[in-house]
Amino acid sequence: LIDRVFEDVFAGRWKPEWSALVTDRSQTLRDRLITFYSEYVTEAFSYEWVRIYMFAGLAGEDLNRRYIALLEEVLLEPLCRELRHTAGIDVDDATAIDDRELEGAWHIHAAVFYYIVRKHIYDAPVDPDLEKFIADSVDRALVGSLEQLRGRFA
């Protein structure tokens with residue numbers, strides 16, 4: 001039953017074209033992330049989804065850990081490589097992504113996720129212009145992530 005819930009509620013909402021979008025260098029990374037998060041929020045972060053996700057985490061179920069592993073594989077690690085490329089870091093794509101890089105990618109994801117938590121868990125006011133919020137979040141996160149990477153790999 002838990003495997004079925006994971007597939008239907010979590011893994012099944014991930015669209016393979018999102019992975020391709022994040023790594024499509026014919027667009028700026030900023031534009032790719034704004035497009036991705038605009039689609040992801042409406043497709044994956046529903047009221048029901050975020051409440052099940054939070055409840056599963058509080059109940060100690062491994063659904064959250066499995067979803068985190070999936071996100072790291074299909075979104076966050078590719079995002080780390082794209083951040084390296086955008087920052088002009090000359091490393092091979094096979095070069096291991098370290099914990100700090102992965103945390104930087106989580107930072108970008110967390111801004112959008114916490115918007116949904118505030119909205120659907122806390123019933124707190126959120127910016128009603130979701131598209132603008134996503135663009136602002138991506139802009140803030142990218143500036144810091146790229147600067148930090150350039151400093152680390154300089």
Side-chain angles (χ1 to χ4, degrees), residues 1-24 29-30 32-87 89 91-127 130 133-149 152-153:
L1 178 63
I2 290 176
D3 287 339
R4 178 65 189 256
V5 169
F6 179 77
E7 288 303 319
D8 288 350
V9 176
F10 296 103
R13 291 188 184 218
W14 182 263
K15 293 184 175 183
E17 58 266 26
W18 289 336
S19 296
L21 170 64
V22 170
T23 59
D24 176 9
L29 182 55
R30 177 189 186 271
R32 290 180 266 163
L33 289 175
I34 290 170
T35 300
F36 166 73
Y37 279 111
S38 296
E39 292 178 15
Y40 185 68
V41 164
T42 58
E43 296 283 332
F45 282 165
S46 69
Y47 175 85
E48 294 81 13
W49 183 95
V50 75
R51 295 185 73 79
I52 290 169
Y53 185 81
M54 298 301 278
F55 180 77
L58 291 170
E61 298 295 335
D62 79 335
L63 294 174
N64 302 70
R65 289 181 294 280
R66 290 170 61 186
Y67 191 68
I68 286 169
L70 174 71
L71 273 183
E72 287 181 352
E73 177 186 335
V74 299
L75 173 64
L76 301 175
E77 289 175 4
L79 175 54
C80 287
R81 288 184 199 81
E82 295 307 307
L83 285 164
R84 286 174 175 179
H85 175 78
T86 301
I89 307 301
V91 292
D92 184 299
D93 275 350
T95 302
I97 294 164
D98 66 29
D99 291 342
R100 287 180 66 197
E101 286 178 275
L102 195 55
E103 286 299 328
W106 271 115
H107 178 80
I108 293 169
H109 190 75
V112 178
F113 178 74
Y114 197 65
Y115 174 99
I116 298 303
V117 168
R118 288 183 295 128
K119 181 177 181 178
H120 293 315
I121 299 295
Y122 303 139
D123 196 27
V126 294
D127 186 338
L130 180 59
F133 171 82
I134 289 170
D136 288 348
S137 295
V138 167
D139 288 342
R140 280 190 292 271
L142 273 179
V143 168
S145 292
L146 295 172
E147 185 66 26
Q148 192 266 347
L149 272 174
R152 285 189 60 211
F153 286 94

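Nothing fancy with the numbering, it's 1 onward along the sequence.
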Under the side-chain hydrogen bond (donor to acceptor under 3.5 Å, both in side chains) criterion, do E72 and W106 qualify, and how do the steps go? CA-CA 9 Å; E72 287 181 352; W106 271 115; 3.1 Å; yes
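- Between L76 and I97, the closest side-chain pair of non-hydrogen atoms is not below 4.5 Å.
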Chi angles and distances behind the side-chain contact (heavy atoms from CB on, under 4.5 Å) call for V143, D139: CA-CA 6 Å; V143 168; D139 288 342; 5.6 Å; no
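- Here the side chain of R51 pairs a donor or acceptor atom with the backbone of H120 at under 3.5 angstrom.
- The main-chain N or O of V91 is never found under 3.5 Å from a side-chain atom of T95 such that the two would form a donor-acceptor pair.
- Remark: side-chain polar atoms of D98 are paired, donor with acceptor, to backbone N or O of E101 under 3.5 angstrom.
- Pairing each heavy atom of R118 with each of P125, the nearest pair is NH1-O, 3.5 Å.
- Residues N64 and G57 approach most closely at OD1-N, 3.0 Å, considering heavy atoms.
- The distance from the CD atom of E82 to the CG atom of L142 is 11.5 Å, given to the nearest 0.5 Å.
- Summarising the geometry, atom CZ belonging to R65 is positioned 15.0 Å from atom CG belonging to L70; distances are rounded to the nearest 0.5 Å.
- Take Y114 and apply the ring pair (Phe, Tyr, Trp, His ring centres under 6.0 Å) test, not counting sequence neighbours, and it matches no residue.
- Across all non-hydrogen atoms, the minimal contact from L83 to L146 is O-CD2, 3.5 Å.
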What do the steps show when you test D24 against R32 for salt bridge (Lys or Arg N to Asp or Glu O under 4.0 Å), and what is the final call? CA-CA 8 Å; D24 176 9; R32 290 180 266 163; over 6 Å; no
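- Around the OH atom of Y47, the shell of radius 6.0 Å holds no more than 12 heavy atoms that belong to other residues, nucleotides or ligands.
- For L71 against H109, the heavy-atom pair with the smallest separation is CD1-NE2, 3.5 Å.
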Between S38 and I34, does a side-chain contact (heavy atoms from CB on, under 4.5 Å) hold up when you go through it step by step? CA-CA 6 Å; S38 296; I34 290 170; 4.2 Å; yes
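- Between I121 and V50 the shortest heavy-atom distance is CD1-O, 4.1 Å.
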Output, in order, the C-alpha distance, side-chain angles, deciding distance and verdict of side-chain contact (heavy atoms from CB on, under 4.5 Å) for L79 and L33. CA-CA 9 Å; L79 175 54; L33 289 175; 3.9 Å; yes
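- Proximity of a side-chain donor or acceptor of Y115 to a complementary backbone N or O of D127 within less than 3.5 Å is detected.
- In this structure a side-chain-to-backbone donor-acceptor pair under 3.5 Å is present from R81 to E77.
- Here the side chain of S46 pairs no donor or acceptor atom with the backbone of T42 at under 3.5 angstrom.
- Put simply, the side chain of S19 gets close to the backbone of V74: a donor and an acceptor are under 3.5 Å apart.
- In this structure, W18 has its ring center at least 6.0 angstrom away from the ring center of Y37.
- For W14 and F36, the distance between ring centers is under 6.0 angstrom.
- For S145 against I108, the heavy-atom pair with the smallest separation is OG-CD1, 4.0 Å.
- With sequence neighbours left out, the ring pair (Phe, Tyr, Trp, His ring centres under 6.0 Å) criterion links F113 to F45, Y53.
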